[in-house]
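Atoms within each ligand, like the ligands themselves, are counted from 1 in listed order.
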Amino acid sequence: MIRSTLAAITMLCWAGTAIAQTAEQSEESRWSIAIHGGAGTIERDKITPEKDTEIRAALDQALAIGSQILKDGGSAMDAITATIIAMENDPNFNAGKGAVFTWDKTNELDSSIMDGSDLSAGAVAGISGTKNPILLARAVKDHSPHVMLSGEGANQFSREQGLEQVPPDYYATPYRLKQIDDLLAKQVSAADVDYKYGTVGAVAMDKNGHMAAGTSTGGMTGKRWGRIGDSPVIGAGTYADDRSCAISATGSGEYFIRLGVAHEICTRLKMATKPEGIECPSQSEDVISFCTARRVLSDEEIQQIADDVIAELGTLGGDGGIIYATPWGQAGYSFNTPGMYRGRATSAGENSVAIYGDEQ
Ligand code: ASP
């Protein structure tokens, strides 16, 4: 029922939008995808040329997996799921294999996923034992009446769903073990170290105009007391709505939660599509953006909105970034850290990966 109501609203919005769109913009074959593998103090002098090459290859591969699904007419939901699985399986990233360690030298993973076509969502926090946490988030969305499960209950749900289970030491890598040993030796807090980030995420729009977003992480190195960041919080680390955008975030989770970053960007985009001077009939107040023809936002307007929210995050004291996809085919990024592992591809021919802030 909710799905059909939203579909009707979306159709109305698209009918209205078409008035303002050019023939090229209304092509039905458009798709786009953006991915990230974490943001932080990622600078040339901190990464060896070999690591640089390895990370770019990993990003390329993940991007190619999602792009192919979208090119073939697959759904945004399937594209982001497959892309995130590839990054969770890659030990270079802080998600699945390669996840950071907690203060107690365990791994507690967080993940979330959202479908922009009906606003359905699933999330898990503080889990272990599941090989691919994004599949557990998706199972919560598809096969439970809930949005968020945590800890042992979520682990039990995973087993009941028949998801692939791994032993506790599966996630460990020598690199992550060294990081936690260094942190414990110094007895510093998770928030005080440089290597706290590395989350993965993907956002996409498919050829049917549907959007999806997903995020997966081990959280922050040395986290304790059951700390949960923004990655599994719908509206903070992940959000998708066919009417506005799909967002996945990475960075200092506490600040992303306080600002509701992912939802905030989508809301600002949605409100910006309402043309000035046109009144909505009163009965349509709850769908204010969709009661009349909507404006198509330009690349610059979208980037500005994303940059404004990330600037506000910086003012609060937070750092990190987001990737976005829009209903108009754009895919991009905004971040306030020296670098962010990232990539994007669109049906318009864009296909690139980048690491440092001064690229593209
Ligand atoms: N946002 C994640 C968290 O706070 C960390 C990251 O993006 O790497 O848990």
Chemist: Quick check: is L313 connected to M340 through a chain of hydrophobic side chains (ILVMFWY, heavy atoms under 4.5 Å apart)?
Modeler: no
Chemist: I'd like to check which ligand 1 atoms, numbered from 1 as shown, lie under 4.0 Å from a non-hydrogen atom of G219.
Modeler: 9 (O)
Chemist: Do the side-chain N and O atoms of D307 and Q304 include a donor-acceptor pair separated by under 3.5 angstrom?
Modeler: no
Chemist: Decide whether S248 and T215 meet the rule of one side-chain donor and one side-chain acceptor closer than 3.5 Å.
Modeler: yes
Chemist: Which atoms of ligand 1 have any heavy atom of G253 under 4.0 Å away?
Modeler: 4 (O)
Chemist: Any pair with a residue in residues 251-262 that passes salt bridge (charged side-chain N to carboxylate O under 4.0 Å, His left out), sequence neighbours left out, goes on the list, sorted by first then second residue, please.
Modeler: R227-E254
Chemist: Enumerate the residue pairs fulfilling ring-ring contact (aromatic ring centres under 6.0 Å, His included) with a member in residues 212-269, sequence neighbours excluded, ordered by first and then second residue.
Modeler: Y239-H263
Chemist: Any N or O of G198 that comes nearer than 3.5 Å to an N or O of ligand 1?
Modeler: yes
Chemist: Does some side-chain heavy atom of Y171 sit less than 4.5 Å from a side-chain heavy atom of N94?
Modeler: no
Chemist: What distance separates N336 CG from I322 CD1, expressed to the nearest 0.5 Å?
Modeler: 11.0 Å
Chemist: Under a 4.0 angstrom heavy-atom cut-off, which atoms of ligand 1 come close to T250?
Modeler: 6 (C), 7 (O), 8 (O)
Chemist: Just jot down the ligand 1 atoms closer than 4.0 angstrom to any heavy atom of D230, in number order.
Modeler: 1 (N), 2 (C), 3 (C), 4 (O)
Chemist: May I ask you to check if ligand 1 and T217 share an N or O to N or O distance below 3.5 Å?
Modeler: no
Chemist: Classify the contact between S231 and ligand 1 as side chain, backbone, both or neither, using a heavy-atom distance cut-off of under 4.0 Å.
Modeler: side chain
Chemist: Would one find an N or O of G251, backbone or side chain, under 3.5 Å from an N or O of ligand 1?
Modeler: yes
Chemist: N/O of S252 under 3.5 Å from N/O of ligand 1, yes or no?
Modeler: no
Chemist: Relative to ligand 1, is R227 under 4.0 angstrom through side chain, backbone, both or neither, heavy atoms considered?
Modeler: side chain
